[in-house]
Protein chains: 2
Amino acid sequence: MAEPLDPDMFAGCPPVAAPIRIGDKWTAKITRCLEAGPRRFTELQVPLLGITPKVLTESLRAMERDGLLTRTAYDEIPPRVEYELTDLGRSLLTPMNAGCEWSRRHLRDLLRARDAWHAAS
Amino acid sequence: MAEPLDPDMFAGCPPVAAPIRIGDKWTAKITRCLEAGPRRFTELQVPLLGITPKVLTESLRAMERDGLLTRTAYDEIPPRVEYELTDLGRSLLTPMNAGCEWSRRHLRDLLRARDAWHAAS
DNA sequence: CGGGATCCCCTTTGATACTG
DNA sequence: CAGTATCAAAGGGGATCCCG
C-alpha cells in the first residue's frame with residue numbers, strides 16, 4: 001500500500017524543533033507516519049526511534065479514543081493490526097504543516113537567541 | 001496603550017481545547033495577552049487565572065531567553081516592568097491561529113468521539 | 001506480532017510564604 | 001509591584017519483563 005517508512009524521517013525534528021506540539025509527545029509523528037496509508041504496529045516503531053511498546057500503545061489508544069485513527073485487528077497467526085488515519089486525524093495535518101512551516105522559517109532565530117542568552121549568562 | 005485584558009478572555013479555551021500546544025502550558029496564552037501591546041506582570045496575571053508568580057516568571061523568562069519577548073524594567077518606585085512581543089514572538093501567531101482554526105472546526109468532533117468511547121467502555 | 005503489567009524517574013506545575 | 005525561595009504533588013514518559 002505504501003513505501004516502507006524511512007527510519008530517519010524525523011532526523012531533522014529534534015524535540016527543540018517543537019515549540020509547537022500536537023497532542024502528546026508522539027501524536028504528530030504518528031500522524032505523519034500514517035499520512036501515506038495504513039501501517040502496522042511494528043512498522044510505526046521504526047521511525048519513532050526508541051519508543052517503547054507501552055508508550056506507543058498508549059498514544060495509539062488515545063488517538064483512537066479521540067477519533068483520530070482506527071485500529072483494525074486481523075484474526076490471523078501471526079497477528080496483524082493496522083492503524084489508519086480518519087478524516088479527523090487527517091485534518092490535523094493542516095495545523096501541523098503550519099507548525100512545520102514556522103519551524104522552517106523561524107526556529108533558527110529562536111535557537112540563536114537561546115545560544116546568545118547562554119553565552120551572556 | 002491598550003485596553004485592559006478581559007479576565008475571561010480564555011473562558012472558551014479549556015485545556016481539552018488544546019491538542020495543539022505552543023511552548024509550555026502558558027506560552028500561547030501569554031502571546032495572546034501581548035498581542036495588542038506591552039503588558040505588566042500583574043496585568044498578565046489577570047486572564048491567566050490562578051497562575052502563580054513563580055510559574056508566570058518562569059514562562060516569561062523562557063520566552064525572553066528564546067527571543068519571543070523583551071523585558072523592560074523601569075527604575076521607579078513602585079517598580080514597573082513591561083513585557084512586549086518581539087517580531088519572532090509575533091510570528092508565533094500564525095501557527096497559533098492555525099491551531100485555533102482547527103479547534104473551531106474539529107474539536108467538537110474529537111470530543112464527540114471521546115464521549116462515545118467512554119459511553120462504550 | 002502486538003501488546004499488557006509493573007515499577008520508577010524526572011520534569012512540569014502548583015501552593016505557600018517571604019522580600020527589595 | 002514584581003518578583004524569589006522552598007516544598008510538594010502529579011503525571012507523562014520510559015525500562016524491563018512477561019504473555020496469548
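Every chain is numbered from 1 and lettered A, B, ... according to where its sequence line falls, protein lines coming before strand lines. We use all heavy atoms of the structure for the numbers below, so side chains are in, but hydrogens, waters and symmetry mates are not. Every value quoted in this text rests on a predicted model; they were computed, and no experiment measured them.
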Per [X] side chain, nearest of listed nucleotides [options]:
{"X": "Pro79(A)", "options": "dA2(D), dG2(C), dT13(C)", "answer": "dG2(C)"}
{"X": "Thr52(B)", "options": "dG14(D), dG14(C), dT4(D)", "answer": "dG14(C)"}
{"X": "Lys54(B)", "options": "dA2(D), dG3(C), dG14(C)", "answer": "dG14(C)"}

Under 4.0 angstrom between [X] side-chain N/O and [N] OP1 or OP2:
{"X": "Arg71(A)", "N": "dG2(C)", "result": "no"}
{"X": "Tyr83(B)", "N": "dG3(D)", "result": "yes"}
{"X": "Thr42(A)", "N": "dC1(C)", "result": "no"}

Next on the checklist: Donor-acceptor check, side chain of Asp24(A) to backbone of Thr27(A), threshold 3.5 angstrom: yes or no?
Outcome noted: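 Checked: pair present.
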
Checklist entry - Can you name the closest pair of heavy atoms from Leu88(A) and Asp66(A) and give their distance? => result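 Of all heavy-atom pairs spanning Leu88(A) and Asp66(A), the closest is CD2-O, 3.5 Å.
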
With heavy atoms under 4.0 Å as the rule, sort [X] into base, sugar-phosphate or nothing.
{"X": "Tyr74(A)", "result": "nothing"}
{"X": "Val55(B)", "result": "base"}
{"X": "Arg21(B)", "result": "sugar-phosphate"}

Item to check | For Gln45(A), the option from Thr52(A), Leu5(A), Leu56(A) that meets side-chain contact (heavy atoms from CB on, under 4.5 Å) | outcome: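 Per the side-chain contact (heavy atoms from CB on, under 4.5 Å) rule, the option paired with Gln45(A) is Leu56(A), out of Thr52(A), Leu5(A), Leu56(A).
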
Next on the checklist: For Gly50(A) and Arg40(B), find the nucleotide of DNA chain D closest to each by heavy atoms; which residue's nucleotide sits nearer the 5' end?
Outcome noted: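 Its nucleotide being nearer the 5' end, the pick is Arg40(B).
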
